[in-house]
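We're numbering straight along the sequence, starting at 1. Computed from a predicted model, the values in this text were never measured in an experiment.
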Amino acid sequence: MNSQDQDSGQGAIANLPHQTLLAALRNRRSRRFGAGMNIPDGPLAYRSRFGPAPLTEDEEAALVFAACGITGPALADLCYARGQGGNIMAGLVGRTIASGDGIQSVALIVTNDQSTCLVRRPRDFPAAEIPQLIALSQEQKLTELYRRTRVQFKCSRSAPPLTPLNNINANIWSAHAAGTTCFLPINDLTLLYINGLLEIFNETTGAFILDERAGFRPAGLAKFARSRGGHLEDVPSAGRLATIKHVELMVAEFAAIEQGMMLQNLGLMSEALGLGGYPNFANHENAWFEALGFRMGSMTSSRYLGMGPILGRLARCFGKDVPVNYPLGLEPAGEPLLRPFCPPCFPSMRDAVEAVVALKFGPAGTFSPDNPLAPWRDGREVAAAIPKLSPAAVAATIAYCEYVWDRYGRFPAHLAPFRTVVAFQAAHLDAEFYDRFYQPEAVGENQRQDFARWSGNSGKPGAPRGD
């Protein structure tokens with residue numbers, strides 16, 4: 001990943017087995033001032049006397065493992081009787097963080113001065129390769145695991161502009177500084193969305209969704225309403241009504257929680273390694289995706305809002321029908337690294353839904369009797385007893401997804417298929433900055449040991465410098 005001598009990180013890596021979770025929780029802090037940084041003015045104005053000190057590959061590997069390392073089988077210890085929800089699972093491989101339905105909705109980008117990489121998720125690998133990755137995890141061969149799971153698609157740092165609203169003012173002085181590594185979680189919403197719909201549209205749950213931007217009419221689900229002889233509860237007293245926006249916000253929040261666990265693990269591993277690190281703003285709609293080279297889609301705001309032809313013409317006449325851009329996938333040089341379950345990656349929303357069904361119950365699906373990743377002693381027997389998805393639920397899911405696509409021209413309707421919220425930046429700390437301005441306990445023993453390794457300094461607090 002970078003050319004820095006790996007020896008500078010060996011001490012911290014070797015010491016990892018001796019670090020305790022309680023100590024990491026107690027000492028975790030957001031520490032921002034790294035080697036080579038400069039706060040230009042204000043009461044904490046300070047310029048590091050050191051040059052940038054990039055993280056080693058071993059250190060990046062440890063951080064990536066904490067964020068999303070493949071660890072072993074997901075236990076999927078659920079009730080698989082009909083109507084009890086066990087077949088909501090869509091993956092049977094675990095990472096260091098929990099994931100709704102075993103989907104691993106959050107992908108991780110790693111970018112530094114020399115490269116930008118995607119860390120592939122379990123579902124991005126052939127099933128036959130997963131046991132080898134799990135073995136590397138169990139043997140604590142984290143650097144080899146990192147090499148096996150990452151895909152480099154740029155030979156340089158990727159970063160959005162620092163200007164508002166791409167960034168916030170508080171981060172301008174430190175964001176994307178030379179020598180730092182940025183870890184960017186990207187929430188992939190479409191698989192989680194469709195998989196959830198297959199569950200809530202079954203005969204047991206029977207949810208019914210209305211379109212709040214179209215007078216609260218049924219969102220393609222009218223023929224499935226119980227009031228018309230269908231299986232979905234459209235009567236308000238049943239308490240199973242929702243709106244498109246409500247459902248999509250639930251999906252986004254589910255993915256954001258998974259990302260939050262990733263960020264917490266990055267903070268804890270940074271503490272264990274003695275590195276500085278902090279979460280920072282990444283919530284611009286498109287800036288990160290454009291910087292990474294995502295395939296971008298565009299539509300008019302009248303289309304995005306589902307305006308009728310008359311309102312659409314009025315918007316254009318008054319110059320208000322501005323373009324709405326959104327990310328559609330990461331496909332550098334035609335290689336599909338991140339692709340959503342929606343057009344144009346699928347011919348139609350029907351095809352996208354059917355692909356999710358196949359991912360779960362197809363010949364090589366999650367619940368295939370021949371799935372080598374099943375965690376149960378007799379995977380074939382358990383898989384044979386797991387109920388298939390309800391045909392009525394599949395039909396309702398297709399109808400709803402086609403309605404959203406036909407009316408709003410994208411899926412999801414309110415949010416883009418991919419979303420960023422918060423990134424994490426890690427660096428070797430300049431302990432001299434903290435000695436100048438902070439109480440001694442601001443920098444712990446782990447950070448002082450790391451400072452001594454990369455700087456050649458004793459790492460002990462000294463008298464404040466007067467420059």
Quiz prompt | Nearest heavy-atom neighbours spanning H414 and Y304 | solution = O-OH, 2.9 Å
Quiz item: Rounded to the nearest 0.5 Å, what separation is found between the CE atom of M299 and the CZ atom of R410?
Solution: 6.5 Å
Quiz item: Is the side chain of E144 donor-acceptor paired with the backbone N or O of L136 at a distance under 3.5 Å, no angle test?
Solution: no
Quiz item: What pairs with A352 under side-chain contact (heavy atoms from CB on, under 4.5 Å), at least two apart in sequence or on another chain?
Solution: I194, F341, F346, M349
Quiz prompt | Donor-acceptor pair, side chain of N286 and main chain of N325, under 3.5 angstrom | solution = yes
Exercise. Indicate yes or no: at least one non-hydrogen side-chain atom of T181 is less than 4.5 angstrom from one of V110.
Key: yes
Quiz item: Between Y408 and W405, is the gap from one ring center to the other below 6.0 Å?
Solution: no
Self-check item: Minimum side-chain heavy-atom gap P185-V106 below 4.5 Å
Solution: yes
Quiz item: Y438 vs Y434 aromatic rings, parallel, tilted or perpendicular, using cut-offs 30° and 60°?
Solution: tilted
Exercise. Could you check D188 against R339 for salt bridge (charged side-chain N to carboxylate O under 4.0 Å, His left out), going step by step and ending with a plain yes or no?
Key: CA-CA 9 Å; D188 176 356; R339 304 180 79 223; over 6 Å; no
Self-check item: side chain to side chain donor-acceptor pair (under 3.5 Å) contacts touching residues 92-101 (sequence neighbours left out)
Solution: R95-E258, S99-E258, D101-N195
Practice problem: Could you grab the distance from atom CG of L145 to atom CD of Q140, nearest 0.5 Å is fine? | Solution: 11.5 Å
Exercise. Give the minimum heavy-atom separation between E331 and C345, together with the two atoms involved.
Key: OE2-SG, 4.1 Å
Exercise. Would you mind reporting whether I186 and L184 have side-chain heavy atoms less than 4.5 Å apart?
Key: yes
Quiz item: Do S105 and N187 have side-chain N/O donor and acceptor atoms under 3.5 Å apart?
Solution: no
Quiz item: side-chain contact (heavy atoms from CB on, under 4.5 Å) between N112 and C182: does it pass, once the steps are laid out?
Solution: CA-CA 6 Å; N112 58 34; C182 185; over 6 Å; no
Quiz prompt | Worked verdict on T163 versus N167 for side-chain contact (heavy atoms from CB on, under 4.5 Å) | solution = CA-CA 6 Å; T163 53; N167 197 356; over 6 Å; no
Quiz prompt | Nearest non-hydrogen partners of P343 and L328, listed with the distance | solution = O-CD2, 4.1 Å
Exercise. Please lay out, stage by stage, how I70 and S137 fare under the test side-chain contact (heavy atoms from CB on, under 4.5 Å).
Key: CA-CA 7 Å; I70 296 174; S137 168; 5.9 Å; no
Quiz item: Is the backbone N or O of M250 less than 3.5 Å from a side-chain atom of E253, with the two atoms forming a donor-acceptor pair by type?
Solution: no
Quiz item: Do C68 and M262 come within less than 4.5 Å of each other through their side chains, counting heavy atoms only?
Solution: yes
Quiz item: Around R377, counting heavy atoms of other residues, nucleotides and ligands shown, do more than 12 lie under 6.0 Å from its CZ?
Solution: no
Self-check item: Pairwise side-chain contact, I209 with T243, heavy-atom cut-off 4.5 Å (strictly under)
Solution: no
Quiz item: Is there a donor-acceptor contact under 3.5 Å linking the side chains of Y146 and E60?
Solution: yes
Quiz item: To the nearest 0.5 Å, what is the distance between CG (L249) and NE2 (H246)?
Solution: 7.5 Å
Quiz item: Should Q425 and R32 count as side-chain neighbours, where that means a heavy-atom distance under 4.5 Å?
Solution: no
Quiz item: Can you check side-chain contact (heavy atoms from CB on, under 4.5 Å) on V322 and T300, steps first, answer last?
Solution: CA-CA 6 Å; V322 297; T300 61; over 6 Å; no
Quiz item: Side chains of R148 and R120: closer than 4.5 Å at any heavy-atom pair?
Solution: no
Quiz prompt | Close side-chain approach of F153 and L292, heavy atoms under 4.5 Å | solution = yes
Self-check item: Heavy-atom donor-acceptor pair, Q447 side chain to D430 backbone, under 3.5 Å
Solution: no
Quiz item: Would R150 and E57 pass as an ion pair if we require N to O under 4.0 Å?
Solution: yes
Quiz item: Looking only at atom types and distance, does a side-chain atom of R123 sit under 3.5 Å from a main-chain N or O of I103, one as donor and one as acceptor?
Solution: yes
Quiz item: Between K245 and E212, is the closest basic N to carboxylate O distance under 4.0 Å?
Solution: no
Determine all donor-acceptor pairs shorter than 3.5 Å in which one atom belongs to a side chain in residues 362-370; sequence neighbours excluded.
{"from": "T366", "atom 1": "OG1", "to": "A90", "atom 2": "O", "distance (Å)": "2.9"}
{"from": "T366", "atom 1": "OG1", "to": "L359", "atom 2": "O", "distance (Å)": "3.4"}
{"from": "S368", "atom 1": "OG", "to": "P363", "atom 2": "O", "distance (Å)": "2.9"}
{"from": "S368", "atom 1": "OG", "to": "D370", "atom 2": "N", "distance (Å)": "3.1"}
{"from": "D370", "atom 1": "OD1", "to": "R380", "atom 2": "NH2", "distance (Å)": "2.2"}

Exercise. Would you please indicate if the ring centroids of F424 and Y278 are separated by under 6.0 Å?
Key: no
Quiz prompt | Donor-acceptor pair, side chain of R350 and main chain of P347, under 3.5 angstrom | solution = no
Exercise. Measure the CZ-CZ distance between F451 and F50 for me, rounded to the nearest 0.5 Å.
Key: 4.0 Å
Quiz item: When the aromatic ring centroids of F294 and F418 are compared, is their separation below 6.0 Å?
Solution: yes
Self-check item: Closest contact, heavy atoms only, L192 versus A255
Solution: CD2-N, 4.2 Å
Quiz item: How many angstroms lie between CH2 in W173 and CG in L44, if you round to the nearest 0.5 Å?
Solution: 9.0 Å
Exercise. Indicate yes or no for a side-chain donor-acceptor contact from Q259 to the backbone of V422 under 3.5 Å, with no hydrogens or angles considered.
Key: yes
Quiz item: Looking at P372 and A127, what are the two nearest heavy atoms and their distance?
Solution: CG-CB, 4.0 Å
Quiz item: Do the side chain of K360 and the main chain of I88 share a donor and acceptor less than 3.5 angstrom apart?
Solution: yes
Quiz item: Is the count of non-hydrogen atoms from other residues, nucleotides or ligands lying under 6.0 Å from I168 atom CD1 greater than 12?
Solution: yes
Quiz item: Are any side-chain N or O atoms of T420 and backbone N or O atoms of A282, one a donor and one an acceptor, separated by less than 3.5 Å?
Solution: yes
Quiz item: Backbone N or O of A383 within a donor-acceptor pair of the Y80 side chain at under 3.5 Å?
Solution: no
Practice problem: Considering non-hydrogen atoms only, spot the tightest contact between D321 and S301 and give its length. | Solution: OD1-OG, 3.2 Å
Quiz item: What is the ring orientation for F433 with F33, classed by angle as parallel under 30°, tilted 30 to 60°, or perpendicular over 60°?
Solution: parallel
Practice problem: State plainly whether the residues E271 and R31 are in salt-bridge range, i.e. N to O under 4.0 Å. | Solution: yes
Practice problem: Apply ring pair (Phe, Tyr, Trp, His ring centres under 6.0 Å) to F411 and Y400, showing your working. | Solution: CA-CA 11 Å; F411 185 86; Y400 170 82; 7.1 Å; no
Quiz prompt | is_close_aromatic(Y193, F254), centroid dist under 6.0 Å | solution = no
Self-check item: Spacing of C401 atom SG and D351 atom CG [to the nearest 0.5 Å]
Solution: 12.0 Å
